[in-house]
Amino acid sequence: MIGRNDPCYCGSGKKYKKCHLKYDENLVAYEMKGYDIPQKKHIKNKAQIEGIRKSAVITKKLFDLLDDFVKEGVTTDEINALVHENTIKMGGTPAPLNYNGFPKSCCTSINDVVCHGIPENRVLKDGDIINIDLTTILDGYYSDSSRMYMIGNVSEKAKQLVEDTKKAMWIGIEQVKPYASIDAIGDAIQTFADSKGYGIVKDLGGHGVGVQFHEDPHIHHYRNNEKGMIMVPGMVFTIEPMINMGAYEVDILDDDWTVVTRDGSLSAQWEHTLLVTETGYEVLT
Ligand code: MF3
Ligand code: CO
Ligand code: CO
């Protein structure tokens with residue numbers, strides 16, 4: 001048992017009674033109400049947060065490069081090569097490469113592909129929408145983020161989906177604060193998506209991240225009956241809603257990776273890695 005005057009386990013250097021003691025007492029109250037309470041392994045210390053922050057600097061720089069590079073005529077393999085070479089150049093490692101057998105260094109998901117699209121010789125054409133999902137490892141720390149790109153003249157409906165999905169991500173992010181339930185995120189996103197008639201993908205969600213690619217807890221982007229985990233400062237996780245123009249159901253192709261909408265409708269996704277702070281959130285990516 002940690003004593004009141006011992007150094008806090010979070011690594012702040014402060015005494016436990018001046019640091020996480022009040023959180024821990026507060027959390028007992030939530031536990032009594034049936035909420036899931038974060039364990040030590042869910043909370044990052046200062047050094048880990050700093051490591052994730054530095055990793056995220058690389059991820060953000062990669063998106064800056066992609067902003068100029070992604071256009072009609074480019075292949076997803078060329079996007080992959082740009083990501084791979086520049087990650088290495090900046091001292092990082094692309095986390096997707098060889099992750100559970102994934103063959104490339106990023107995910108490229110076009111039109112009805114929901115996520116986990118594998119870069120190939122497919123050429124981007126006018127009217128396509130594409131999600132590019134990057135995860136960088138630097139000194140063992142992971143940062144995970146994805147953005148949408150619109151190629152040339154995109155239909156009004158597709159453009160709306162891309163913008164609404166970004167909005168859905170931000171509505172989720174705004175729920176992030178200490179002592180709220182992690183399920184407030186899905187609640188808020190569902191209210192918004194329902195108002196637009198979209199389907200929210202249920203089979204995949206956000207996740208803890210930082211010292212591994214995918215950590216607990218799982219983050220639902222839709223409303224559900226669970227009470228969810230209570231958020232506390234130092235937790236790091238992603239919010240990454242996948243929103244379909246049509247129904248929420250998805251299928252996985254024979255390559256065992258590519259997730260597509262079952263009804264063939266367009267799908268969009270945006271993702272950030274977030275840190276829970278004393279007052280709310282910090283977007284790390
Ligand atoms: N970056 C994805 C996520 O947001 C995971 C990709 S797994 C991979 O969780 F193997 F396909 F790269
Ligand atoms: Co993720
Ligand atoms: Co990702």
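In this chain, numbering begins with 1 at the start of the sequence shown. Indexing begins at 1, ligand by ligand and atom by atom, following the structure's order.
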Quiz item: If you link I, L, V, M, F, W and Y whenever their side-chain heavy atoms are under 4.5 Å apart, who else ends up in the same group as F192?
Solution: I171

Quiz item: Does at least one non-hydrogen atom of D144 fall below 4.0 angstrom from an atom of ligand 1?
Solution: yes

Quiz item: Which count of protein N, O or S atoms is obtained for distances strictly below 2.8 Å from the Co ion (ligand 2)?
Solution: 4

Practice problem: Decide whether the shortest distance between a heavy atom of H207 and an atom of ligand 1 is less than 4.0 Å. | Solution: yes

Practice problem: Under 4.0 Å from a heavy atom of W257: give me the atoms of ligand 1 that qualify, with their elements. | Solution: 8 (C), 10 (F), 11 (F)

Exercise. Return the orientation label for the F213 and H207 ring planes: parallel under 30°, perpendicular over 60°, tilted otherwise.
Key: perpendicular

Exercise. Taking only heavy atoms of T135 into account, list the atoms of ligand 1 that are under 4.0 Å away from them.
Key: 1 (N)

Practice problem: May I ask you to check whether over 12 heavy atoms, not counting those of K60, lie within 6.0 Å of atom NZ? | Solution: yes

Quiz item: Looking only at distance, does H116 have an N or O less than 3.5 Å from an N or O of ligand 1?
Solution: no

Quiz item: Non-hydrogen atoms of D133 versus ligand 1: any pair closer than 4.0 Å?
Solution: yes

Self-check item: Side-chain heavy atoms of Y142 within contact of V211, under 4.5 Å
Solution: no

Self-check item: Ring-face cation contact, Y35 with K33, 6.0 Å cut, 45° max
Solution: no

Practice problem: Pull out every atom of ligand 1 sitting under 4.0 Å from any heavy atom of H214, numbered as shown with elements. | Solution: 3 (C), 5 (C), 9 (O)

Quiz prompt | Under 3.5 Å: donor-acceptor pair, side chain of T261, backbone of S265 | solution = yes

Quiz item: Any sub-3.5 Å donor-acceptor pair from S55's side-chain atoms to T136's backbone N or O?
Solution: yes

Practice problem: May I ask you to check whether Y99 has an N/O atom sitting below 3.5 Å from an N/O atom of ligand 1? | Solution: no

